[in-house]
Colleague: 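I have a structure I would like to understand better, so I am pasting it below and will then ask my questions one at a time.
Each chain gets a letter, A, B and so on, in the order its sequence line appears, and its residues count up from 1. Heavy atoms only: backbone and side chains are in, while hydrogens, waters and symmetry mates are out.
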Protein chains: 2
Amino acid sequence: MAPERDIPDATVARLPVYRRTLVGLAAAGETTVSSARLAELAGVNAAKVRKDLSRLGTYGVRGVGYEVENLLMQIGEVLGVNVDAPVVIVGMGNLGQALARYGGFSTRGFRVVALTDSDPKKIGKKFAGLTIQHQDDLPKIAKDLDISVGIITTPAEAAQQVADELVAVGVGSILNFAPTVLNVPAHIPIRKVDLATELQILGYYQHRAS
Amino acid sequence: MAPERDIPDATVARLPVYRRTLVGLAAAGETTVSSARLAELAGVNAAKVRKDLSRLGTYGVRGVGYEVENLLMQIGEVLGVNVDAPVVIVGMGNLGQALARYGGFSTRGFRVVALTDSDPKKIGKKFAGLTIQHQDDLPKIAKDLDISVGIITTPAEAAQQVADELVAVGVGSILNFAPTVLNVPAHIPIRKVDLATELQILGYYQHRAS
DNA sequence: AGTTGCTCGTGAACACCTTCACAAGCGCTA
DNA sequence: TAGCGCTTGTGAAGGTGTTCACGAGCAACT
Ligand SMILES: NC(=O)c1ccc[n+]([C@@H]2O[C@H](COP(=O)([O-])OP(=O)(O)OC[C@H]3O[C@@H](n4cnc5c(N)ncnc54)[C@H](O)[C@@H]3O)[C@@H](O)[C@H]2O)c1
Ligand SMILES: NC(=O)c1ccc[n+]([C@@H]2O[C@H](COP(=O)([O-])OP(=O)(O)OC[C@H]3O[C@@H](n4cnc5c(N)ncnc54)[C@H](O)[C@@H]3O)[C@@H](O)[C@H]2O)c1
């Protein structure tokens, strides 16, 4: 039951990519895959794949490769994809609406179960079968639906306050789209998706090449 | 003129965060900032800030700190934020529309100048002052507007094809939102923004904590 | 000018990650 | 059972990134 502990961060970050690749292979009817092939499809080095997978306690078969289904199950176990985590999206502007309508969550172990906003004009509107509720009702929503993940898509100025509210109602992890650094207790995992930062990084490499 | 070469990847990835922080400080009327303060606001270690900034050839003043305006200019120079890079968004679905309406590009050196899609029903629609054009017209668009950056927000299945088309018309860098690994020539910088991956990484850390 | 307090820049140590290279192991065939 | 081809798992080496710790330098005040 217990997945192996202490998987390196770099490995954890690659597991979802392996998983996605394996889902594709399984759909194509492949039953086994070598580290070399998986590496090519996932865009990484083959030795890295083997080292990563060995961290799971997963063992491949020498001379043959890894069993696709088995590997999928093991990675799913480690990532917790097999449990369905309830998600709330806070801030139903441009981005929040796009996320609410996105269908790619369900196959990855996440289910958007609530949408909130602080703008009275938005309350009551529907997206993808859910009604936007007021941010002030978050405590009740979180309790009723046992919210586990919070996604922040508010303007940067409101993001810290929203993060505090999410932590207060017991959310277990946070994904932040607002371009600002958030302070949360150390035990709450938090990650950011920062489009503008990515573009600027690209800017550097392109700029430098010329 | 020439910025220092060979800035480590890890440093480059942090420069946009420093920049954003400095913009905030400048707006608040601060003229100098210490590495300790900048570190706290940017959520990193102070020694790291100093090492990063020393890579720019930027010099602070001992006993005082760094001059905010000067630092902003230097980072902007390195990132190429001071030139206005024309951007095309390919795939005007949920996400593409949200990005098209997003106002945060202009202050970071990027300007969305064209939107394309392959769905005839979407051609001609307007977003944020731009009209969606057909993907087949990309060569002409790229030439006329001197497109420098391509953002891919199509379904994963179409992403590689779109990437090839972007490369063919001479785009200088690519930002990919589709959950798939893209193959592009080595000289084209490419980065991905992968929401589902981020959620799964969070899943691991949350799962593990329990 | 001398002293004090603060902050930078950086060498050195450490931790983490990647890559190479190869022995060990598996399945298949004869 | 022996031999062969293929692929894994991992020790070791090399590289990158982080953090510590401290000398050096500037400003301000006496
Ligand atoms: N739209 C994009 O493509 C894009 C791209 C990159 C980053 N971002 C970032 O994502 C965030 C959202 O962007 P957007 O374009 O959707 O902005 P938006 O202004 O369209 O939407 C923000 C929403 O948050 C709500 N809100 C504000 N304060 C709130 C609070 N305290 N509690 C709950 N809801 C609150 C607003 O009512 C609004 O509906 C911003 O931080 C932006 O910088 C957006
Ligand atoms: N919407 C989200 O919140 C979200 C979140 C994470 C990832 N993504 C990813 O971003 C991508 C877009 O998501 P979406 O929800 O906007 O999808 P969507 O289906 O709403 O939009 C895709 C658009 O791309 C267009 N398109 C398809 N093939 C094309 C081609 N060859 N050339 C040009 N345009 C083409 C379609 O006509 C459509 O308008 C997907 O890969 C999705 O997995 C989306």
Colleague: Tell me if the side-chain of K51(B) makes a donor-acceptor pair with the base of dT19(D), cut-off 3.5 Å, by modelled atom types.
Modeller: yes
Colleague: How close or far is atom P of dC8(C) from atom CG of D52(B), stated in whole angstroms?
Modeller: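 Roughly 13 Å, once rounded to whole Å.
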Colleague: Whole angstrom is fine here: how far is it from CG in L56(A) over to P in dT8(D)?
Modeller: 14 Å
Colleague: Decide if atom CD of Q160(B) counts as having more than 12 heavy atoms of other residues, nucleotides or ligands within a radius under 6.0 Å.
Modeller: yes
Colleague: Distance from D84(B) atom CG to F110(B) atom CZ, nearest 0.5 Å?
Modeller: 9.5 Å
Colleague: Which part of the nucleic acid, if any, lies within reach of A47(A) when heavy atoms closer than 4.0 Å are counted: base, sugar-phosphate only, or nothing?
Modeller: base
Colleague: Looking only at the side chain of S34(A) (C-beta and beyond, no hydrogens), which of the listed nucleotides dT7(D), dT18(D), dG9(D) gets closest?
Modeller: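 Out of dT7(D), dT18(D), dG9(D), the nucleotide with an atom closest to S34(A)'s side chain is dT7(D).
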Colleague: What integer distance in Å separates L53(B):CG from dT7(C):P?
Modeller: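 The answer, rounded to whole Å, is 15 Å.
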Colleague: Please determine whether a side-chain nitrogen or oxygen atom of K48(B) lies at a distance below 4.0 Å from atom OP1 or OP2 of dT19(D).
Modeller: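 Answer yes for this pair, as a side-chain N or O of K48(B) is under 4.0 Å from OP1 or OP2.
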Colleague: Which nucleotide in the list dG9(C), dG17(D), dG9(D) gets nearest to the side chain of A10(B)?
Modeller: dG17(D)
Colleague: Rounded to the nearest angstrom, tell me the gap between atom CG in D6(B) and atom C1' in dG15(D).
Modeller: 14 Å
Colleague: Start with the C-alpha gap between E67(A) and T31(A), add the side-chain angles, then the distance that decides, and say whether side-chain hydrogen bond (donor to acceptor under 3.5 Å, both in side chains) holds.
Modeller: CA-CA 6 Å; E67(A) 204 197 327; T31(A) 58; over 6 Å; no
Colleague: Nearest-nucleotide wise, let me know which of V64(B) and G63(A) is further upstream toward the 5' end of DNA chain C.
Modeller: V64(B)
Colleague: Grab the CD-C1' distance between E67(A) and dC26(C) for me, whole Å please.
Modeller: 15 Å
Colleague: Using the side-chain heavy atoms of P8(A), tell me which of these nucleotides is nearest: dC26(C), dC17(C), dT18(D).
Modeller: dC17(C)
Colleague: Roughly, in whole Å, what's the span from CG in N45(B) to P in dC14(C)?
Modeller: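 Rounded to the whole Å, the gap is 17 Å.
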Colleague: Grab the CG-P distance between D9(B) and dG15(D) for me, whole Å please.
Modeller: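 Rounding to the nearest Å, CG of D9(B) and P of dG15(D) are 16 Å apart.
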Colleague: State whether the distance check finds a donor on one side and an acceptor on the other, under 3.5 Å, for side chain R62(A) versus base dT7(D).
Modeller: no
Colleague: Side-chain N or O of S35(B) less than 4.0 angstrom from OP1 or OP2 on dC8(C)?
Modeller: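 Answer is yes, contact under 4.0 Å.
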Colleague: I need the CZ-P distance between R37(B) and dC8(C), as an integer number of Å.
Modeller: 13 Å
Colleague: Between R20(A) and D194(B), is there a salt bridge with N-O shorter than 4.0 Å?
Modeller: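 Yes.
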Colleague: Are any non-hydrogen side-chain atoms of T116(B) and D137(B) less than 4.5 angstrom apart?
Modeller: no
Colleague: State whether Y66(B) places a side-chain N or O below 4.0 Å from either non-bridging phosphate oxygen (OP1 or OP2) of dG9(C).
Modeller: yes
Colleague: Below 4.0 angstrom from OP1 or OP2 of dT18(C), is there any side-chain N or O of R14(A)?
Modeller: yes
